[in-house]
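The sequence lines fix the lettering, A, B, ..., with proteins before strands; numbering per chain opens at 1.
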2 protein chains.
Amino acid sequence: VTKVENVTRVYTVGDVETHALRGVTLGIQPGEFTALVGPSGSGKTTLLQLMGCLDQPTSGQVFINGKDVSQLNRNQRADMRRGTIGFIFQFFALIPTLTAYENIEVPLLLNGHTPAERRKRVQQLIEAVDLVERAHHRPDQLSGGQQQRVAIARALASTPSLILADEPTANLDTENGKQVMEIMTRLNQETGVTFVFATHDPRVFTYAHRVITLQDGLVVENGKSPRK
Amino acid sequence: VTKVENVTRVYTVGDVETHALRGVTLGIQPGEFTALVGPSGSGKTTLLQLMGCLDQPTSGQVFINGKDVSQLNRNQRADMRRGTIGFIFQFFALIPTLTAYENIEVPLLLNGHTPAERRKRVQQLIEAVDLVERAHHRPDQLSGGQQQRVAIARALASTPSLILADEPTANLDTENGKQVMEIMTRLNQETGVTFVFATHDPRVFTYAHRVITLQDGLVVENGKSPRK
Ligand SMILES: Nc1ncnc2c1ncn2[C@@H]1O[C@H](COP(=O)(O)OP(=O)(O)OP(=O)(O)O)[C@@H](O)[C@H]1O
Ligand SMILES: Nc1ncnc2c1ncn2[C@@H]1O[C@H](COP(=O)(O)OP(=O)(O)OP(=O)(O)O)[C@@H](O)[C@H]1O
Ligand SMILES: [Mg+2]
Ligand SMILES: [Mg+2]
């Protein structure tokens, strides 16, 4: 469902070059539930952004559902992602002027649902992430973990076929972290949505079927987790 | 070193009132190494901000080193904190236009050190948090964990007598998380700096001498951790 072939990503700022990815080749199959782990700065966020068509590789190719997306421009990439890929950012990227409810609803507004369908779906998600009492608050009126749960609900809203989650549990307590992993596990098992998580949280990789390890911009382990 | 007496904090937005703290009384003694835990939304960030004089209680009193600070205005509170209290925010609050090095240096600029003293101290901190290669990058050129380490180094820079850390390890891998907890433990043991951490990370409370548990804005456990 997403494949990268020999991708590199070099960030150049002034005359400083950072080789965030140094040649990564990976395929993610439909239905996977995969954790991407590795030290801070190893390139996890960078790789997720390439896999999710949010960024372009410096060299190498990226394929989404078999289509080469490496050379699409920004607008073409946005069209590619819409409805197909859901992203949970490491630091949420919520719209500050919208409430939790409205933030979660945004992906549904782009997809031609009726207001009744949207309301039903948003309320279902609000309950799933345990935010019923905070639904009409804006991000700056929410705690760190509450904001993170809004971002998670939003990524799930239009049930995309691929969800890329960057540190989804970093600000969550054990209860919510577990709840979120179980929502995602159930979605994966019942509907086959593909999940790739970048995480430092050992509680998260115990749910993963496969664990990929990055170090210094290279894949050092591409294996199966002991779970499967 | 910091004491709160029957503090409440109510956030009022339009006609919605949120009782984030409902009457908390706690004393933190000099030299403590204390974890503040509790579910998402239980009031940890709010309590840390009151203890650190970054916010005012709705009712009740806050004392810093015996002095009642509950009714100080914003400027007076800033003077109170300077040099005395170091804060690690849940989402870093780094200055985006400054490099990692410059961000870490900021507290030292306010304290009358010579340039040579500042350089020595900043370099020591940069090495301690393992950011030597990223010292001259700005926050938007750093990974999540790297930004968090800049914030940690900055809070330690002028060796304040009290450090309040909100989720200091949320974006750190095991290695860096451990390194940071050991830096803080050593500082506490060698120089008596007082630490209060709000955290969901089980790895963090194993270092704590005392664990305070919040739930729905109230302290439900004020105990010692099994470690001591
Ligand atoms: N500025 C604000 N305006 C309105 N409500 C707020 C504001 N800041 C926090 N709250 C609310 O106050 C309650 C406590 O928030 P707080 O941030 O202290 O929780 P927390 O324990 O730090 O949670 P987390 O573990 O998710 O970071 C939450 O219900 C939150 O939504
Ligand atoms: N916009 C940017 N400009 C320059 N360098 C960058 C940029 N974004 C990331 N980097 C650098 O690229 C490397 C990889 O960063 P990335 O964010 O992918 O790491 P990560 O594995 O997600 O780390 P963490 O676990 O700390 O979130 C790091 O050294 C980082 O400093
Ligand atoms: Mg990252
Ligand atoms: Mg918080």
Side-chain angles (χ1 to χ4, degrees), chain A residues 11-20 37-46 89-92 99 129-131 133-149 166-167 169-177 179-180 198-203 205 213-217, chain B residues 11-20 37-46 89-92 99 129-131 133-149 166-167 169-177 179-180 198-203 205 213-217:
Chain A
Y11 294 110
T12 306
V13 188
D15 55 350
V16 179
E17 282 193 349
T18 304
H19 294 254
V37 304
S40 176
S42 54
K44 304 178 296 300
T45 294
T46 302
F89 294 90
Q90 191 165 0
F91 302 108
F92 326 144
T99 64
V129 297
D130 198 21
L131 277 177
E133 286 140 29
R134 310 303 294 177
H136 304 294
H137 286 73
R138 292 189 311 272
D140 67 348
Q141 299 158 9
L142 297 175
S143 76
Q146 289 165 348
Q147 292 175 50
Q148 191 144 31
R149 282 178 272 149
D166 201 351
E167 309 283 353
T169 59
N171 286 284
L172 297 185
D173 55 59
T174 316
E175 192 65 23
N176 281 310
Q179 200 161 326
V180 155
T199 187
H200 292 302
D201 189 345
R203 305 171 293 179
F205 21 110
T213 308
L214 269 189
Q215 191 158 340
D216 292 322
Chain B
Y11 294 110
T12 306
V13 188
D15 55 349
V16 180
E17 281 194 349
T18 304
H19 294 256
V37 305
S40 175
S42 54
K44 301 179 298 300
T45 294
T46 302
F89 294 89
Q90 192 164 359
F91 301 108
F92 325 145
T99 64
V129 298
D130 198 20
L131 277 176
E133 285 140 31
R134 310 304 294 175
H136 304 293
H137 286 71
R138 292 190 310 273
D140 67 349
Q141 299 157 9
L142 297 175
S143 76
Q146 290 167 346
Q147 292 176 50
Q148 192 146 29
R149 283 178 271 148
D166 202 350
E167 309 284 351
T169 59
N171 286 284
L172 298 184
D173 55 58
T174 316
E175 192 65 23
N176 282 310
Q179 200 162 325
V180 156
T199 187
H200 292 305
D201 190 345
R203 306 172 290 178
F205 21 111
T213 308
L214 269 190
Q215 190 158 339
D216 292 323

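Among A:P202, A:G41, A:G177, the residue with the largest count of heavy-atom pairs under 4.5 Å with chain B is A:G41. Counting heavy-atom pairs closer than 4.5 Å to chain B, the top-ranked of the candidates A:V16, A:T45, A:T18 is A:T18. Most heavy-atom pairs under 4.5 Å with chain B: of the set A:H137, A:E167, A:Q148, A:R134, this distinction falls to A:R134. Most heavy-atom pairs under 4.5 Å with chain A, from the set B:L172, B:D130, B:N176, B:D166: that is B:L172. If you tally non-hydrogen atom pairs under 4.5 Å between each of A:S42, A:G38, A:P39 and chain B, the highest count goes to A:P39.
At a 4.5 Å heavy-atom cutoff, B:V37 makes no contact with chain A through either its backbone or its side chain. For B:F92, the part sitting under 4.5 Å from any heavy atom of chain A is the side chain, from C-beta outward, and nothing else. In this structure, chain A has a heavy atom under 4.5 Å from the side chain of B:S143, while its backbone stays farther away. Contact of A:E175 with chain B is not made at all, since no heavy-atom distance falls under 4.5 Å. With a threshold of 4.5 angstrom between heavy atoms, B:H136 does not approach chain A through any atom at all. Contacts of A:Y11 with chain B are absent, with no heavy-atom separation under 4.5 Å from either backbone or side chain.
Considering every non-hydrogen atom in both B:Q90 and A:G145, the closest pair reads NE2-N, 4.2 Å.
Distance check, rounded to the nearest 0.5 Å: CG of A:N171 to CG of B:N171 gives 7.0 Å. Interatomic distance, NZ of A:K44 versus CG of B:D173, reported as 7.0 Å (0.5 Å rounding).
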